[in-house]
There are 2 protein chains.
Amino acid sequence: MSGTNMRSRGRPRLFDEDAVLDELTTLFWRKGYSQTSMADLVDASGVHKSSLYSTFGTKEELFAKILQRYLVNRMGMFSELVEQAGPGIDGIQAFLEMLRGDLVSGTGQWGCLLVNSSSELSGTAPGFEDFGVAFRKALRERLRGLIRQAEPEGTARTRVTDQRTDLFMTFMLGLNLTVRGGADENEIGRVIDAMQATVDTWR
Amino acid sequence: MSGTNMRSRGRPRLFDEDAVLDELTTLFWRKGYSQTSMADLVDASGVHKSSLYSTFGTKEELFAKILQRYLVNRMGMFSELVEQAGPGIDGIQAFLEMLRGDLVSGTGQWGCLLVNSSSELSGTAPGFEDFGVAFRKALRERLRGLIRQAEPEGTARTRVTDQRTDLFMTFMLGLNLTVRGGADENEIGRVIDAMQATVDTWR
DNA sequence: CACATTAACTACCGCTCGGTAGTAAAACGT
DNA sequence: ACGTTTTACTACCGAGCGGTAGTTAATGTG
């Protein structure tokens with residue numbers, strides 16, 4: 001990789017590129033792509049408009065970079081969460097318990113940026129659809145891993161595992177929508193309880 | 001109700017108000033609120049801009065009317081579907097089977113207008129959030145009815161029924177997102193299969 | 001046939017949008 | 001110190017946005 005060892009032949013940046021991308025990510029996350037104007041991005045970051053353009057390109061290109069970044073970060077966080085949850089059915093339950101905590105406040109209440117964007121831009125901006133597809137595929141793979149390791153050892157019930165994975169995946173998407181739709185803590189709790197009850201029948 | 005018997009004292013409309021609202025609904029449905037411009041609405045309906053404004057008010061007011069209309073229509077369709085599905089667990093399975101057919105083509109592939117809008121406008125347009133909440137509440141009630149009647153007669157397992165309702169509700173939201181996210185027929189089919197397998201354990 | 005009323009249509013408004021040219025200001029290597 | 005390179009900043013652009021005033025064309029009522 002270049003970049004870190006690039007000799008700077010000229011004036012250096014006054015802002016931290018990563019920090020600015022983080023700021024802009026939360027803006028897009030909260031308000032959506034089309035509801036976020038360049039002026040909003042300028043205000044939130046403190047970086048002048050032309051600098052944003054010269055650094056990140058057009059709004060579309062910037063958003064693509066942000067989605068890419070988000071995708072990597074999210075999958076990393078997700079893997080950590082799964083590892084932290086531990087093995088077996090209890091691991092799945094622990095994973096759901098962690099979700100419960102995250103979704104009530106902070107960035108959790110905005111749902112998943114990729115899922116939101118995929119829904120918002122579907123049928124208008126064809127280029128971004130691929131991010132959503134890629135994300136769902138990657139998420140599904142990891143979910144399958146989490147569920148597979150909770151099956152009785154030695155068994156190869158591929159069909160059962162796949163179906164549970166699809167159900168769990170769809171559940172997480174629905175939960176995303178519930179949260180972003182403005183559900184309160186009680187409603188979120190109830191929904192997670194319901195899934196935990198279902199997972200309990202998998203023992 | 002007035003309206004039908006209103007004596008027209010002046011020039012009558014050249015367009016059918018309901019038909020135009022139907023046209024505009026599909027536009028908002030497919031492209032979302034903010035990606036649909038007044039010019040788009042004019043083009044799609046053939047009605048001049050000023051006529052749209054004098055008839056339906058501003059874009060926000062028009063959209064509110066459309067959401068209201070959609071809410072009523074949808075709940076009606078949903079009730080019909082449930083009735084058509086029949087009683088018992090088999091009724092739930094039949095209901096899911098009908099979903100399978102609807103989601104692949106036509107308006108089904110755009111998901112639910114209310115759910116989409118609730119997600120799109122969350123955190124930017126506070127007024128519209130209520131539609132989403134109201135819709136989820138109404139949908140949940142009817143879903144509960146569908147599931148309640150499939151429980152063994154005489155039992156009053158409120159907790160179980162509620163949890164199954166929440167799971168089913170969340171499943172439908174997730175399915176909505178899957179469809180709108182650009183999933184193909186196979187993926188949709190797999191997801192519905194997964195839910196049907198779960199429902200089968202409820203017998 | 002006037003007259004009031006309502007709708008259709010044209011032309012236009014101010015504003016915000018995403019995007020850019022052109023200039024001033026720093027850092028570098030030599 | 002010098003020239004080069006890169007960034008920061010100001011000012012601005014054309015286009016599209018939602019929304020409206022004002023005029024013309026139909027209709028019903030007397």
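In this structure, CG of A/Leu41 is placed 11 Å from P of C/dG19, rounded to the nearest angstrom.
Remark: B/Arg190 engages A/Asp166 in a side-chain hydrogen bond (donor to acceptor under 3.5 Å, both in side chains) (not counting sequence neighbours). With sequence neighbours left out, A/Asp130 forms a side-chain hydrogen bond (donor to acceptor under 3.5 Å, both in side chains) with no residue at all. Applying the ring pair (Phe, Tyr, Trp, His ring centres under 6.0 Å) test to A/Tyr70 and every residue at least two apart in sequence or in another chain returns A/Trp29.
For the pair A/Gln163/B/Gln196, no side-chain contact is recorded, criterion being any heavy-atom separation below 4.5 Å from C-beta on. Annotation: side chain of A/Met172 is in contact with side chain of A/Leu99 (closest heavy-atom distance under 4.5 Å).
Under the side-chain hydrogen bond (donor to acceptor under 3.5 Å, both in side chains) criterion, the residue pairs touching residues 171-184 of chain B are B/Asn116-B/Asn176, with sequence neighbours excluded.
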Under 3.5 Å, which protein N or O atoms sit close to an N or O of nucleotides 10-12 of chain D? Give each pair with its distance.
| residue | atom | partner | partner atom | Å |
| --- | --- | --- | --- | --- |
| D/dT10 | OP2 | A/His48 | NE2 | 3.3 |
| D/dT10 | O4 | A/Ser50 | OG | 2.9 |

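If you check residues 51-63 of chain B against DNA chain D, the residues with a heavy atom closer than 4.0 Å are B/Tyr53, B/Thr58, B/Lys59, listed by number.
In terms of phosphate contacts, A/Arg11 brings no side-chain nitrogen or oxygen within less than 4.0 Å of OP1 or OP2 of D/dT5.
Nearest-nucleotide mapping onto DNA chain D: of B/Leu14 and A/Phe15, the residue sitting toward the 5' end is A/Phe15.
Checked against D/dG18, C/dC17, D/dA8, the side chain of B/Met38 finds its nearest nucleotide in D/dG18.
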* To do: Could you check A/Arg144 against A/Arg164 for side chain to side chain contact (heavy atoms under 4.5 Å, CB included), going step by step and ending with a plain yes or no?
  => CA-CA 8 Å; A/Arg144 210 191 107 92; A/Arg164 289 178 178 178; over 6 Å; no
* Under the side chain to side chain contact (heavy atoms under 4.5 Å, CB included) rule, what do A/Ser117 and A/Phe63 come out as? Steps first, then yes or no, please. => CA-CA 10 Å; A/Ser117 306; A/Phe63 193 56; 3.4 Å; yes
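Within the 4.0 angstrom heavy-atom criterion, no nucleotide atom of any strand lies near A/Ser34.
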